[in-house]
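Structure first, then comments.
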Amino acid sequence: MLDLVKPLSHLEILRSHLSPCAMSFSIAAGEELSFSNEQGEQQCWYFKEGFLDIWRENNDIHVELLAAPVLLSLSGDPIPSPLNYKIVTKTNCTGFSLPVSRAMDVIDKQGLWKSFCHWQTYQMRWFEWRDAQFIGTSTYAQIRSTLLTMASWDIELRSQIGVINYIQTHTHISRSVIAEMLSALRKGNYIEMQKGKLIAVHKLPLNY
């Protein structure tokens, strides 16, 4: 796993300055959120509590399950581009949203560029790490990386998510191949599962 610490102090600075200009929300699990409003204006989302899925819309790939606190979509104003992603709340979530243009105006006027850069750098490094795990790697390497990510979740979250389904949506590897590899890992006592949920991950072999 990537040893990358979320810059919570800088995230809190951004939150405290952006929240007075934003619209608060409390959203139930299973709701789909867009990175742009009906007028096509890009939105940024701050999640104070909850878990959320990020999906790539053009190929229906599940990018990642993120845990609050997290601030998404601040890059749209400096580097305008269509964001072909969507958010789906995994649990009940609270937070706020506001137009990216408004957020960038606050950041500029309040001199928050240091915190902005720390947060954006964290996100860029995270996505760089994720691409390295899934682009041009073997089937087993992708499954191994996904299992390690799931092992980092708290027990309550793991108990709600089926391993095969999560890996399949995350990688598009066939369910039969995933099931075969998980079975082999269970027989080797590398992982523990119960009713399709991940209980524990021990030291996984580098190669299958």
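Every value quoted in this text rests on a predicted model; they were computed, and no experiment measured them.
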Please check this pair: side chain of S26 against backbone of T94, looking for a donor-acceptor N/O pair closer than 3.5 Å. no

Only residue of E31, E32, E57 satisfying salt bridge (Lys or Arg N to Asp or Glu O under 4.0 Å) with K86 is E32

Once salt bridge (charged side-chain N to carboxylate O under 4.0 Å, His left out) is applied, do any residues pair with R186, and if so which ones, sequence neighbours excluded? none

Can a donor-acceptor pair be found, under 3.5 Å and without considering hydrogens, that links the side chain of R158 to the backbone of I199? yes

Run the numbers on L18 and Y46 for side-chain contact (heavy atoms from CB on, under 4.5 Å), then give the verdict. CA-CA 9 Å; L18 295 177; Y46 175 83; over 6 Å; no

Excluding sequence neighbours, so at least two apart, what forms salt bridge (charged side-chain N to carboxylate O under 4.0 Å, His left out) with D108? none

Output yes when a side-chain donor or acceptor of Y140 lies under 3.5 Å from a complementary backbone atom of P205, and no otherwise. yes

For N37, enumerate each residue passing the side-chain hydrogen bond (donor to acceptor under 3.5 Å, both in side chains) test, keeping only those at least two apart in sequence or located in another chain. E41

As a quick check of understanding, evaluate side-chain contact (heavy atoms from CB on, under 4.5 Å) for F116 and M104, giving each step before the final call. CA-CA 9 Å; F116 171 84; M104 297 307 298; 3.8 Å; yes

Using a 6.0 Å cut-off, check whether atom NZ of K197 has over 12 heavy atoms from anything other than its own residue. yes

Distance-only, no hydrogens or angles: does the S159 side chain make a donor-acceptor pair with backbone N or O of E156 under 3.5 Å? yes

Determine yes or no for a side-chain-to-main-chain donor-acceptor pair under 3.5 angstrom, with T146 supplying the side chain and Q142 the backbone. yes

Donor-acceptor pair, side chain of T121 and main chain of H118, under 3.5 angstrom: no

Flag, side chain of S145 to backbone of A141, donor-acceptor distance under 3.5 Å: no

May I ask you to test the D53-I87 pair for a side-chain heavy-atom distance under 4.5 Å? no

If I compare all heavy atoms of S73 with all of Q43, which pair ends up nearest, and what's the gap? OG-O, 3.1 Å

Quick one: does any side-chain atom of K6 pair with a main-chain N or O of P69 as donor and acceptor, under 3.5 Å? yes

Criterion side-chain contact (heavy atoms from CB on, under 4.5 Å) on F47 and L71, from CA distance to verdict: CA-CA 6 Å; F47 289 84; L71 179 62; over 6 Å; no

Return the set of residues passing side-chain hydrogen bond (donor to acceptor under 3.5 Å, both in side chains) with E128 (not counting sequence neighbours), or none when no residue passes. none

Nearest atoms (heavy-atom pairs only) where A151 meets L198: N-CD2, 4.0 Å

In sequence, state the C-alpha distance, the side-chain angles, and the governing distance for I27 and N92, and then conclude on side-chain contact (heavy atoms from CB on, under 4.5 Å). CA-CA 6 Å; I27 302 175; N92 295 341; over 6 Å; no

Close aromatic pair by centroid cut-off 6.0 Å: F25 and W45: yes

Enumerate the residue pairs fulfilling ring-ring contact (aromatic ring centres under 6.0 Å, His included) with a member in residues 157-197, sequence neighbours excluded, ordered by first and then second residue. H62-Y166, H62-H170, F134-H170, W153-Y166, Y166-H170

K114: salt bridge (charged side-chain N to carboxylate O under 4.0 Å, His left out) partners, not counting sequence neighbours: none

